[in-house]
Amino acid sequence: MAKMAAALGSVATLATEPGEDAFRKLFRFYRQSRPGTADLGGVIDFSAAQTTRGTGPGAHKVVRSQLSVSSVSDHDAHRAGLQPVSKWRAYGLEGYPGFIFIPNPFLPGYQWHWVKQCLKLYSQKPNVCNLDKHMTKEETQDLWEQSKEFLRYKEVNKRRPRSLLEKLRWVTLGYHYNWDSKKYSADHYTPFPSDLAFLSEQVAAACGFQGFRAEAGILNYYRLDSTLGIHVDRSELDHSKPLLSFSFGQSAIFLLGGLKRDEAPTAMFMHSGDIMVMSGFSRLLNHAVPKVLPSSEGESLPCCLETPLPAVLPRDAVVECCSVEDWQVCASYLKTARVNMTVRQVLATDQDFPLEPMVENKRDITTEGFCHLDDENSQVKRTRLNPDS
């Protein structure tokens, strides 16, 4: 409690910049925060299974959330690499109806599959990534193959140029998000990964959303100096379905605010394996990631990633084996990075995209737009990096 009071005091004394709203002020505070100090005393840690936090600005009571245990069989949960839903812990926050936080429900070792998919498979064509703006399709055809040797010997030669995987900031799946128009369209679609769709369907069903369809995904690849600007995810045509978020790798601070930016947000940790669900009232709230937290033990992996994926998997599992060589590459990457998968349903049942007038000289949306993930070396202003704002 003393740490929380100190943190809130530090926020209160932080000078407000001209035109700065309450959300932006806290975003700046946590972006500049120092791990291991009282700066992070006001950040909620759901993995500690706490039931309450303080009463200062932005603090809310943590409550238990009820899950629909019977909606997902133990077998289907295992197929996706998840513990039985009866063993999950789920929390909410007073003042944020529809927000559900599930601290790491994955079975030991099964995060390996999802990390490998993000780095090795989902980054491949025909999926779209930020590198497409500056490189040809041939140059970005297989980022994994072009990067794996660099990453495998990363610690031997730390002065080497960054590999293409280390330059990756985002990948889109399914209906590909257009960063310029802030829209999805029927003519810019590639098949959504079946394994990620199955995982998403099980999590959504456990949270009471049976029939959820995974139609679009945005994967964010964070370096230690990366941030995700303040934004609202409103481009999907059906807001009655939840937004699912899966985190892997280094921990980060997540800020969940209100409908307007003059409402101070609540800060919480996101650790490897954690899942967040934003639905109902919370589906259209402002949120951001101001800081990725380096490991307190230097360049190391979270403990939950040290356990290998079992050699024998269920016969009908959507999870695949991960070779020692592949995991060496993934582990090297994650020692200084985190990956986040967000999955959305774009259209309501039986809904189609609205017809839009043809525009002459239409730009190629696979190569234009800008990344909404920022880092300290970016030359793009942060105010431009907020999708759906």
Side-chain angles (χ1 to χ4, degrees), residues 35 45-49 77-83 87-89 101-123 143-144 147-148 150-155 163 165-166 168 171 193 195-196 199-200 202-203 219-224 226 244-254 268-276 289 291-314 317-343:
D45 191 346
F46 288 101
S47 64
H78 195 179
R79 290 180 62 198
L82 298 165
Q83 300 178 45
K87 294 185 178 181
W88 297 8
R89 292 175 296 126
F101 194 106
I102 306 169
N104 185 14
F106 288 92
L107 290 163
Y110 279 78
Q111 291 186 51
W112 281 28
H113 169 83
W114 300 108
V115 171
K116 183 192 70 172
Q117 295 297 82
C118 288
L119 296 177
K120 185 176 182 178
L121 183 64
Y122 300 158
S123 62
L143 303 183
W144 174 269
S147 305
K148 64 181 184 181
F150 288 92
L151 286 166
R152 189 170 290 151
Y153 300 107
K154 174 181 173 182
E155 296 180 1
S163 64
L165 271 180
E166 292 170 296
L168 196 61
V171 168
D195 57 348
L196 181 54
L199 171 69
S200 303
Q202 307 318 304
V203 172
L219 313 184
N220 285 324
Y221 300 78
Y222 294 76
R223 310 304 300 169
L224 292 180
S226 298
L244 311 179
S245 169
F246 304 86
S247 292
F248 303 106
Q250 300 301 319
S251 299
I253 296 174
F254 179 77
M268 62 200 77
F269 290 115
M270 291 187 296
H271 301 304
S272 191
D274 289 349
I275 299 175
M276 290 192 306
V289 177
K291 193 174 187 69
V292 178
L293 301 167
S295 170
S296 58
E297 301 176 0
E299 294 187 4
S300 62
L301 290 176
C303 293
C304 62
L305 291 176
E306 297 288 357
T307 304
L309 182 67
V312 179
L313 303 172
V318 300
V319 175
E320 300 173 347
C321 293
C322 180
S323 69
V324 173
E325 293 76 14
D326 281 355
W327 183 247
Q328 286 177 343
V329 176
C330 295
S332 175
Y333 178 90
L334 284 186
K335 286 179 179 178
T336 55
R338 70 180 289 262
V339 179
N340 178 257
M341 309 187 299
T342 57
V343 179

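All residue numbers refer to positions in the sequence shown, counting from 1. Any value given below was found using the heavy atoms of this structure, including those in side chains, with hydrogens, waters and symmetry copies removed. Here the structure is a predicted model, which is why all the values come from computation and not from measurement.
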For residues [X] and [Y], report the shortest heavy-atom separation together with the two atoms involved.
{"X": "Leu82", "Y": "Gln202", "value": "CD1-CB, 4.4 Å"}
{"X": "Leu293", "Y": "Pro35", "value": "CD2-CG, 4.0 Å"}
{"X": "Tyr110", "Y": "Gly81", "value": "CD2-CA, 3.2 Å"}
{"X": "Val171", "Y": "Ser123", "value": "CG2-CA, 4.1 Å"}
{"X": "Glu325", "Y": "Arg152", "value": "O-NH2, 3.3 Å"}
{"X": "Ser332", "Y": "Leu151", "value": "OG-O, 2.6 Å"}

Before giving the answer on ring pair (Phe, Tyr, Trp, His ring centres under 6.0 Å), spell out for Phe254 and Phe101 the whole-Å C-alpha distance, their side-chain angles and the decisive distance to 0.1 Å.
CA-CA 12 Å; Phe254 179 77; Phe101 194 106; 8.4 Å; no
Flag, side chain of [X] to backbone of [Y], donor-acceptor distance under 3.5 Å:
{"X": "Ser272", "Y": "Phe248", "answer": "no"}
{"X": "Gln111", "Y": "Leu305", "answer": "no"}
{"X": "Asp274", "Y": "His271", "answer": "yes"}
{"X": "Trp144", "Y": "Leu119", "answer": "no"}
{"X": "Lys116", "Y": "Cys321", "answer": "yes"}
{"X": "Gln250", "Y": "Ser300", "answer": "yes"}

Hey, can you tell me if Trp327 and Trp112 have their rings parallel, tilted or perpendicular (30° and 60° cut-offs)?
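Plane angle under 30°, so parallel.
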Partner set under ring-ring contact (aromatic ring centres under 6.0 Å, His included) for Tyr122, not counting sequence neighbours
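With sequence neighbours excluded, Tyr122 shows a ring-ring contact (aromatic ring centres under 6.0 Å, His included) to no residue whatsoever.
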Measure the spacing between [atom1] of [X] and [atom2] of [Y] and express it to the nearest 0.5 Å.
{"X": "Gln83", "Y": "Ile102", "atom1": "CD", "atom2": "CD1", "value": "11.0 Å"}
{"X": "Leu313", "Y": "Arg79", "atom1": "CG", "atom2": "CZ", "value": "12.5 Å"}
{"X": "Lys291", "Y": "Leu224", "atom1": "NZ", "atom2": "CG", "value": "9.0 Å"}
{"X": "Arg338", "Y": "Tyr221", "atom1": "CZ", "atom2": "OH", "value": "12.5 Å"}

So which of Ile275, Val343, Asp195 actually passes side-chain contact (heavy atoms from CB on, under 4.5 Å) with Ser200?
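Among Ile275, Val343, Asp195, the one that satisfies the side-chain contact (heavy atoms from CB on, under 4.5 Å) with Ser200 is Val343.
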For the residue pair [X] and [Y], establish whether any side-chain heavy-atom pair is separated by less than 4.5 Å.
{"X": "Lys120", "Y": "Val329", "answer": "no"}
{"X": "Leu196", "Y": "Met341", "answer": "yes"}
{"X": "Ser147", "Y": "Glu166", "answer": "no"}
{"X": "Asn104", "Y": "Cys304", "answer": "yes"}
{"X": "Ile253", "Y": "Met268", "answer": "no"}

Show the numbers, then the answer: is there a side chain to side chain donor-acceptor pair (under 3.5 Å) between Ser245 and Asn340?
CA-CA 7 Å; Ser245 169; Asn340 178 257; 2.9 Å; yes
Think Arg223 forms a cation-pi with Tyr333, using NZ or CZ under 6.0 Å from the six-ring centre and within 45 degrees of its axis?
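Yes, Arg223 lies over the aromatic ring of Tyr333.
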